[in-house]
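Everything on this sheet refers to the single structure shown next.
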Amino acid sequence: MRRAGRWYTRNLRWPAWPHSLVNRTLMTLLVGLAVVQGAGLTIHALDRIELQRFAELRDMGIRAMSIYRSAVATPLGDRASALREMELGPNVSAVLALAPPMVPEPTQPPYVGQIRVNMNLVPVRAMNRPRDIVIRGAPWSDMICIGMQFPDQGWLILRMNLPRPRPWHSPTFLIAFVLMTVAAAILSIWAVRRLTKPVTLLAEAAERLGRDVNAPPLPENGPDEVMRAAVAFNTMAARIRRFVQDRTFLLTAIGHDLRTPITRLKLRAEFIEDDEQRQKFLSDLDELDAMVSATLVFGRDTADTEPAVAFDMVALLRTVLDDAADARPEAADALCFSGPAHLTVTGRILALKRSFANLVGNAVKYGNAARVTLTTEDGMAMVTIEDDGPGLPPDELERIFEPFYRVEDSRNRETGGTGLGLPIARNILRAHGGDVVLGNRAGGGARAVVTMPA
Amino acid sequence: MPKPFNPRELLARIRAVLRRTSDRAEKLVEPAARTVRFSGWTLEPARRRLLNPDGVEVALTGGEYDLLVALVERANRVLTRDMLLDLLRGRQAGPFDRAIDVAISRLRRKLEDDGRHAQLIKTVRGGGYVLAADIERS
């Protein structure tokens, strides 16, 4: 049972079953082509067999009548010996009988007609004409049997073996057929690839747009339908871009406008007499300020115009770690890097620096350590950042990337933070065709894994 | 000081600056806008970035950048620890002597200058560093 089940599953997912549009279209076309070619071939073969048969039947009629004429001219007693000596031609046997042939089945009318017409072509004296003619055997079978009744006595029975039909009469026909099929198949492959290429391009463009709203537009050329699709896609991309820009602009405008009142509040807070109250007031304002700053950074990243440059990833990571060490000298010993000496990648260096700074900053803040490892694999650079903290609740590993979302424990004032560090980091990395995921280490502590095209 | 700032800090800084201005040494960091080349490396002050001989950008921390600019500005001249300290003051916490050495060693690593046989940033016995390279400005 188990075995049968496995077989079933395996065959449902038959690896040769085409999944791509190119292969499916190709398969449809080629199967269609094969059916058409097969049908054409069959029609041709049947036609050819038919013609061949007609020719044979005509020939047969004339030969049968010629034999009969020689036989009827011979006196009754000598006919048997005369027949034996007669040159009958290939595949023909002749016997004398008293009754007409009973086997095989009677021949259908059109073929009977063909034989009879040709029999009449052979001149025979009227008194010698056969009194009756019986023709049996289908032209598809191997043998035709013709019985002719002598005017005086008995029947002449001729058995004629038919040669096998040869529909593939000429070898050039087969060669031509194969060449035609191959040419049609090659043309189909070429045409299908060409026609489905815009679909692939469209999919790639959609993928790019998903990563980077400012991705270059699709070229608007090609056949009408393709061009229309490209224009529609570009229009959609432009609308999305404008939408994102408007939202970002709104966000940054609000953030920016909030700064002035916050600064004014800070100034006014300085005049609060009560030391404790003033301190609380100021720390609240600082928090508000940090949130506004993070919002501005978040908005700037989305609409960033920083050009991509080639830079050394190792130097970048070391810089981020050194900055973190400078900011938290007591944790400096828990910050380390391992990886190659150099790795050149292309990207927006300032944005990526911010992204890694956020990840390392989180590791230091919540995990008191940041062990950064850089590896490369299959054209992707992988950066892991591990810490020694309590790790993360498993069901929050994905939600933590939502803007302003914070793990419940860290909502208290001590750790600070705005809930934008991780979304910013992920935004930047995704815009570079990479990503970041969070997980927990087996030995405790969190691990951020960054992947990026190298 | 960047906006937004703490008004108390601003006041404290203004006072500190006023206190210092009388005996302040000449400024070490000139706002050089011209691109500088040394030993194949390119320093672009306009964009605050360093390119290695292959044209690949090498990230620097703020302290490293200021240190490198100071060394390049006074290339082939010895910069004492005190001068460098003045430059990095306020940026680095902790014991200052060590801060300079740490910053120099980081910078050497970024410039692929072997610490023991440094060719680019040489240690001068008796307290200082010198950037030994031909400077080409454009």
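Here the structure is a predicted model, which is why all the values come from computation and not from measurement. In the text below, chain A, chain B and the rest are named by the order of the sequence lines, each starting its count at 1. What's counted below: heavy atoms across the whole structure, side chains too, no hydrogens, waters or symmetry copies.
- Residue pairs meeting the salt bridge (Lys or Arg N to Asp or Glu O under 4.0 Å) criterion with at least one member in residues 310-322 of chain A, sequence neighbours excluded: A:D322-B:R106.
- Contacts between A:L316 and chain B at a heavy-atom distance below 4.5 Å involve backbone atoms as well as side-chain atoms.
- Going from atom CG of B:L71 over to atom OH of B:Y129 covers 10.0 Å, rounded to the nearest 0.5 Å.
- In this structure, the side-chain hydrogen bond (donor to acceptor under 3.5 Å, both in side chains) partners of A:S293, at least two apart in sequence or on a different chain, are A:R259.
- Of the atoms belonging to A:A327, not a single heavy atom falls under 4.5 Å from chain B.
- With respect to chain B, the highest number of heavy-atom pairs below 4.5 Å among A:V309, A:T346, A:L285 belongs to A:V309.
- Between A:E270 and A:K266, none of the side-chain N atoms (NZ, or NE/NH1/NH2) sits under 4.0 Å from a carboxylate O, so this pair counts as no salt bridge.
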